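Computed from a predicted model, the values in this text were never measured in an experiment.
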Amino acid sequence: MSIPRTLLRSARASSSRLILSRPLSTSRPFFAEAESSSSAAAATPVSPKISPIVDQISSLTLLEVSELVGALKTKLNITEIALPAASAAPAASVSAGASGEPAEAAEEKPKEKTIFTVKLEKFDAAAKAKIIREVKAIMPNMNLVEAKKFVESVPQTLKENLPKEEAEKLQKTLQDLGATVSLV
């Protein structure tokens, strides 16, 4: 029988050496776990050798559980392995790998970015007034004084979460006026 997942997670969380004096409580399991554990407990009886171990582990504090996990890892020579994040890319490369060459083309082509942040980096001193007026027009909640302070305190984020077309249009407008704008 293995240690429940929640017990291991709480042991990992306590590795930051938070001292908790309250014993680990398992009196209120989640609904799905309650149904599966009650049906599993009824279906498979627990060995008399395992039952006292389960009782002892359930009475431990989180700090003690953390020490137990560490001791078991050293005793059984278990190394921690970073698990890869779940994503759709490995599945796509596996399905493309069955067909042959398309796997290489899928790996080389990165996903195209569609949402951008427009950032005003710097501007020509001669075009300062034009850029201030344009910033005031872009951001309707700003008055002229606020727009002036905004432009003078570059680099500043002008707009966030813009679609590609709008971001490129805004970038072109400001570059035509004499500003240096980046899309992030």
Side-chain angles (χ1 to χ4, degrees), residues 1-121 154-164 166-168 171 181-184:
M1 178 172 203
S2 66
I3 299 174
R5 229 184 269 173
T6 55
L7 187 62
L8 287 175
R9 285 185 183 148
S10 51
R12 286 186 191 132
S14 69
S15 66
S16 63
R17 298 294 178 218
L18 293 174
I19 299 175
L20 299 174
S21 60
R22 189 174 80 101
L24 181 64
S25 171
T26 58
S27 62
R28 293 185 295 180
F30 295 104
F31 295 115
E33 290 178 354
E35 292 173 8
S36 65
S37 64
S38 64
S39 64
T44 58
V46 177
S47 163
K49 187 176 179 181
I50 301 294
S51 181
I53 296 172
V54 170
D55 292 336
Q56 288 176 348
I57 290 174
S58 64
S59 67
L60 295 177
T61 64
L62 291 178
L63 184 59
E64 292 169 335
V65 171
S66 174
E67 291 174 7
L68 173 66
V69 169
L72 285 173
K73 284 181 181 178
T74 56
K75 177 86 174 178
L76 300 173
N77 293 326
I78 299 173
T79 58
E80 290 194 28
I81 301 172
L83 297 175
S87 66
S93 63
V94 169
S95 63
S99 62
E101 288 183 29
E104 294 175 12
E107 290 176 10
E108 291 176 11
K109 186 177 180 183
K111 189 174 181 179
E112 188 173 330
K113 191 173 177 181
T114 57
I115 303 295
F116 292 92
T117 299
V118 179
K119 189 172 183 181
L120 181 63
E121 297 290 338
V154 292
Q156 288 279 355
T157 301
L158 196 56
K159 287 261 187 178
E160 294 180 334
N161 300 327
L162 286 177
K164 184 177 181 180
E166 288 182 36
E168 288 175 345
Q171 181 184 28
V181 180
S182 64
L183 298 180
V184 182

Discussion item. List the residues meeting side chain to side chain contact (heavy atoms under 4.5 Å, CB included) with I115, not counting sequence neighbours, and say none if there are none.
Written reply: N161
Worksheet item: In Å and rounded to the nearest 0.5 Å, what is the NZ to CD distance from K119 to E160?
Response: 10.5 Å
Response to the item:
salt bridge (Lys or Arg N to Asp or Glu O under 4.0 Å) filter on K164, not counting sequence neighbours, yields E112
Worksheet entry | Test side chain to side chain donor-acceptor pair (under 3.5 Å) applied to E64 - qualifying residues, sequence neighbours left out | T61
Pairs of donor and acceptor atoms involving the side chains of residues 46-53, under 3.5 Å and at least two apart or interchain, shall be tabulated with distances.
unit_1, atom_1, unit_2, atom_2, d
S47, OG, K49, N, 3.2

Practice prompt. Mind checking side chain to side chain donor-acceptor pair (under 3.5 Å) for E121 and listing every partner two or more places apart, or none if nothing turns up?
Written response: S182
Fill in: S59 side, atom OG; D55 side, atom CG - distance, nearest 0.5 Å
8.0 Å
Worksheet, complete the sentence: For V184 and K113, the nearest pair of non-hydrogen atoms, with its separation, is C-NZ, 2.8 Å
Worksheet entry | Side chain proximity check, V181 to V118, heavy atoms < 4.5 angstrom | yes
Worksheet, complete the sentence: By side chain to side chain donor-acceptor pair (under 3.5 Å), Q156 pairs with (sequence neighbours left out) S153
Practice prompt. Using modelled atom types only, decide if a donor and an acceptor are shared between the side chain of S58 and the backbone of V54 within a distance under 3.5 Å.
Written response: yes
